[in-house]
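All figures in this text were calculated on a predicted structure; none of them were measured in a lab.
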Amino acid sequence: MTTNNVISRIKRFEHNHDIAYYDFEKEMPFSELYLEIMAIVHYFESADITQGKKVVSFLDKSFSEYALFYACLLKGVAFCPLDKTLPANRLAMIISDVQPDVIMASESYIGEENVFRQALHVPHECIVSNGNVHVVSGEEGRDVDLGTQVDADTVAYIIFTSGSTGKPKGVQITHENLNVFLDALYPRYVSEQSEKYLSIGPLYFDMTILDSIVPPLYGHSVYVYKPPFIPAIFSSIIEKYQITRLSCVPSVLKLLLPQLNDGTGMDALHSLNLILFGAEKPHGPSIRTLLENLPDLKVMNAYGPTEGTMCCFAAEITLNDLAGDISIGKPFDGTQYLLETRSGFATSGEGKLLISGKQVMKGYVNQSSVDSPFIQVDGHQYYCTHDVVTVDEDGVFYFLGRSDDEVKLNGFRVHLQDVAENIRKTLNIGDLFLHKHTDNDKDYLVLSYEHTSRLNPEHCMTLLGKQLPKYMIPQVFATFDALPKLRNSKLDRNQVKASVNSELTRSTGGFTDKKFIALHIK
């Protein structure tokens, strides 16, 4: 059984008076954070929220949400952060799958509790709480029972991602998964040295767990940045608070760097000693700019699906590496792999990546409602990532693309089949095709269809907004007189993309300040 280092590290918060979390308004020392964690643990005990039960959080990147996550880890309660901006219908699907025992949200979000329950189909026995628990004193905190052993197979957290069946999938990461991941991170990303991290995203985006929950476990402080992303403010925070470590999607740097002055602008980033990229392919020119201007900076490229506990491969990127393709490195210790090729399974060459080991998830929530993501090879269970990679003679991996319809839209993982199923359920439409188009480093979703469907783009966006998050709604509507077909009568996808791209190039004004773009392609 894996030692539960997470729990022992949380207990260290009690007597640490350094700052754990801070923003432009306030700060929270570890000792104060510990008291809030104990208050939540005390609440769990009074409400009979025990190991194996589940908590949904809508507390939205607050210090209290971080305390809730740690409290859940201490008591073996599964923590499930959700995006409160999702349409009610999609949230209701998720809550139906999770069957939570507690939902925590602000009073302003809950509103009238009966209306809230009906809108999200909250189970009758589920407690709905505004998260305002009595903060215990030091003496009361010592009375809280922390002696219960949390089983390695107990779910630590649940992250929902886009699914291929028209509904989201809940990835269950166990305490063993999380502890093995922490062991693999040291000393790649965390250490016993004093560091200052900058957290950008919300907890329902699992990379944020890496920069907001993991660092305090090693005594590091975290500045909590809240949207919108404004490059000038972002860089000024790094400079003012002397931030040393940052994890983000590469597109953040692509937006940030052009805003810095050619002369002294890079000075704002001089405190950084490590940047870890993930969730997207790295942008070589941005990395070159960083490394040429910040010689002491270490840049890492991390890879891994949510199902593999955030990341399970990593590589340091140097200036020499930028001469060719940027690798995703080698698997962490304990992560095994196979490549599924046309001729069978292999460990070198090119193929679809399968991973196994103690970082791989337990399974999806309500697993019976989705196709199994696991395959058995010679008695071993592997998770199929559907990522196509190549492995060179030195055992270094390079990401090539996907074998299915999943795409990354501005950092969000989206199954196009999920969008298509919701479009078909919502709109009166015949044949359709979805693809990603990138313009000025921003991704747009294109919906192509035949003119006989007679869709009103603005009306479509309104209807889909009741079913899908904003980032999954098409912004380009391409009407074809007839969708191009191959000789075998199947859709000619490449020709659809080429026609749309050509028409967009001819269009004037691009995407600037437009809610959507409507194209007519003959």
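Phe229 and Phe234 have their aromatic ring centers within a separation under 6.0 angstrom. A ring-centre distance under 6.0 Å is found for Tyr189 and Tyr197. Residues Phe374 and Tyr382 place their aromatic rings such that the two centres sit no closer than 6.0 Å. Ring pair Tyr21/Tyr66: centre-to-centre distance below 6.0 Å. Not less than 6.0 angstrom separates the ring centroid of Tyr157 from the ring centroid of Phe79.
Taking 4.0 Å as the cut-off between side-chain N and carboxylate O, Asp394 and Lys330 do not count as a salt-bridged pair. Residues Asp387 and Lys352 are not paired through a salt bridge, judged by the lack of any N-O separation under 4.0 Å between the basic side chain and the carboxylate. Glu113 and Arg117 are joined by a salt bridge, as a carboxylate oxygen and a charged side-chain nitrogen come within less than 4.0 angstrom of each other. Ion pair Lys408/Asp443 not flagged as a salt bridge, since none of the NZ, NE, NH1 or NH2 atoms sits closer than 4.0 Å to an Asp/Glu carboxylate oxygen. Under a 4.0 Å N-O distance rule, the pair Lys75/Glu45 qualifies as a salt bridge.
In this structure Lys254 satisfies the side chain to side chain contact (heavy atoms under 4.5 Å, CB included) test together with His283, Ser286, Asp441, sequence neighbours excluded. Scored by the salt bridge (charged side-chain N to carboxylate O under 4.0 Å, His left out) test, Arg413 finds Glu307, Glu406 as partners (sequence neighbours excluded).
Side-chain N or O atoms of Ser271 include one that pairs as donor or acceptor with a backbone N or O of Ile243 at under 3.5 Å. Here the side chain of Thr154 pairs no donor or acceptor atom with the backbone of Val150 at under 3.5 angstrom. In terms of modelled atom types and a separation under 3.5 Å, the side chain of Ser221 and the main chain of Ala20 share no donor-acceptor contact. The backbone N or O of Asp48 lies less than 3.5 Å from a partner atom in the side chain of Lys53, making a donor-acceptor pair. A donor-acceptor pair under 3.5 Å is absent between the side-chain atoms of Glu195 and the main chain of His220, judged by distance alone. Thr244 contributes a side-chain N or O that, together with a main-chain N or O of Lys196, makes up a donor-acceptor pair within less than 3.5 Å.
Asp151 and His175 share no side-chain donor-acceptor pair at under 3.5 Å. Ser64 and Ser62 share no side-chain donor-acceptor pair at under 3.5 Å. When only modelled atom types and interatomic distance are considered, Asn422 and Asp418 share a side-chain donor-acceptor pair under 3.5 Å. A donor-acceptor pair shorter than 3.5 Å can be found between the side chains of Glu107 and Asn130.
Heavy-atom neighbours of Lys226 NZ from other residues, nucleotides or ligands within 6.0 Å: above the threshold of 12.
Relative ring orientation between Phe58 and Phe116 is described as perpendicular, the plane-to-plane angle rising above 60° on a 0-90° scale split at 30° and 60°.
Partner of Tyr241 under the ring pair (Phe, Tyr, Trp, His ring centres under 6.0 Å) criterion, out of Tyr225, Phe24, Tyr22: Tyr22 alone.
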